[in-house]
Enquirer: 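Can you keep this structure in mind? I'll have questions shortly.
Read the numbers this way: they start at 1 and go in the same order the structure lists the ligands and their atoms.
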Amino acid sequence: MKINSNFLNLKDSYLFATVGRKTTAFKAAHPEKKVIRLSIGDVTRPLAPVVIEAMHRAVDDMSRKETFKGYGPDQYCYGYETLIDSIKGSYARKGVSLESGEVFISDGAKSDLGNILDLFAPENTVLVPDPVYPVYVDTNVMAGRKILYADANLENGFLPMPDFSVDADIIYLCSPNNPTGAAYTKEQLKEWVKYAREKDAVLLYDAAYEYFITDPALARSIYQIEGAKECAIEFCSYSKTAGFTGVRCGYTVVPQALIREGTSLNKLWARRQSTKFNGVSYITQMGAAAVFTEEGEKQISENLGYYRENAKIIANCLDELGIFYTGGKNSPYIWLKCPNEMDSWQFFDYLLENANVVGTPGSGFGKNGEGFFRLTAFGTKEDTLEACSRIRALLLK
Ligand code: MLT
């Protein structure tokens, strides 16, 4: 047998695994120090009460033979209609109308972003912004695809625009962006939709952070742009929106209008999912179905407000220190320029050793991330305040 030797072209370890290993080693060497993690974007607020109540009810359903559930309904690849309807409702409030068969429930955006590649031939060329969420690059390296990069930098506000002289078949966009926090306006996305249509390409649009958007000029969904249903797949998640990082639930929209080489990508995805996936647990789906109810939206917006407040605390600290940053406004990530000309990993070590605060080195997201650093607003308020006071004390020295 032969292994998939493309794996040998990957970096030794996944970015957040490297950060985790370094943090664990530091803690083992300094057990007396309280290390604050503002690195991986993992949430700290408990689930909303409506979600918990719905999950309790679902557990009770599982305890009675009359209401017990086995596999989910196969009509929508094991997604329950109540959940799909609530997602359609959330889209309708953004002015986007979807059919039930266009919404696929999964265990999160990360899995779907990787798995969607089953639909595309290995010889396709991929275009990703740099810096970027490492999953887009690593999953394509595993498949041996050619990858092109669109530079995201200070000059373009970390929002690269399409270069029509470059040909690409699969394009990744993430807005609000991970890691930079920058978010595209509807006007800017029109250009990307135009580009994808002109190249007969498919846009893979990661909207995992869309619930952090407050500015109405910014797009909440790629389908707010005319013509996007013919060229884009959208990935969403309950992780950051509703605190589901430990529960696992997401949804992907593959429009019926998305046809390539005379074949419906919706049909291909349904075929792929029904073959390789058995759906998300009933209890999880019932919890998720409570998120986009009126009460659910009210409750999750309290948690989103809490994280926005953390972002403001970090931003104020950086303002005081005169450190350049982007993000933090329509995004839970703050992307800052490393002080004193340090490179990303130097600043990571400096901060870990001297302030016992962990962030994510920008260079881990791509070459344009070198010299930058990402902090997350998903920590507790207490930790965020404490981390900022340590950073302030260290950098004012
Ligand atoms: C991040 O920190 O970039 C995210 O938490 C990673 C993820 O969502 O998989």
Enquirer: Report yes if some N/O of Y14 lies less than 3.5 Å from some N/O of ligand 1; otherwise report no.
Expert: no
Enquirer: For ligand 1, which atoms sit closer than 4.0 Å to a heavy atom of F16?
Expert: 1 (C), 2 (O), 3 (O)
Enquirer: Contact between W269 and C77 at the side-chain level, heavy atoms closer than 4.5 Å - yes or no?
Expert: no
Enquirer: What residue and heavy atom of the protein are closest to atom 5 (O) of ligand 1, and at what distance?
Expert: K240 NZ, 2.9 Å
Enquirer: Does Y333 approach ligand 1 within less than 4.0 angstrom via side chain, backbone, both or neither, non-hydrogen atoms only?
Expert: side chain
Enquirer: For a quick check under 3.5 Å, do Y209 and N330 share a side-chain donor-acceptor pair by atom type?
Expert: no
Enquirer: Does anything in residues 73-96 pair up under ring-ring contact (aromatic ring centres under 6.0 Å, His included), and if so which pairs, sequence neighbours excluded?
Expert: Y80-Y282
Enquirer: Taking the six-membered ring of Y238, is NZ or CZ of R248 closer than 6.0 Å to its centre and within 45° of its axis?
Expert: no
Enquirer: Go through ligand 1 atom by atom and flag the ones less than 4.0 Å from a non-hydrogen atom of G41.
Expert: 1 (C), 2 (O), 5 (O)
Enquirer: Against V202, only a single residue in I171, I116, D169, L265 fulfils side-chain contact (heavy atoms from CB on, under 4.5 Å); can you say which?
Expert: L265
Enquirer: Determine, using heavy atoms of D42 and all atoms of ligand 1, whether some pair is separated by less than 4.0 Å.
Expert: no
Enquirer: So which bit of N178 gets within less than 4.0 Å of ligand 1, heavy atoms only: side chain, backbone, both or neither?
Expert: side chain
Enquirer: What are the atoms of ligand 1, with element, lying closer than 4.0 Å to any heavy atom of I40?
Expert: 2 (O), 5 (O)
Enquirer: If you have a sec, work out which protein heavy atom is nearest atom 7 (C) of ligand 1 and how many Å separate them, to one decimal?
Expert: Y133 OH, 3.1 Å
Enquirer: Is any side-chain heavy atom of I170 less than 4.5 Å from a side-chain heavy atom of L204?
Expert: yes
Enquirer: Under the ring-ring contact (aromatic ring centres under 6.0 Å, His included) definition, can you give me all pairs with a residue in residues 346-380, not counting sequence neighbours?
Expert: F158-F372, F212-F378, Y307-F378, W335-F372, W345-F348, F347-F373
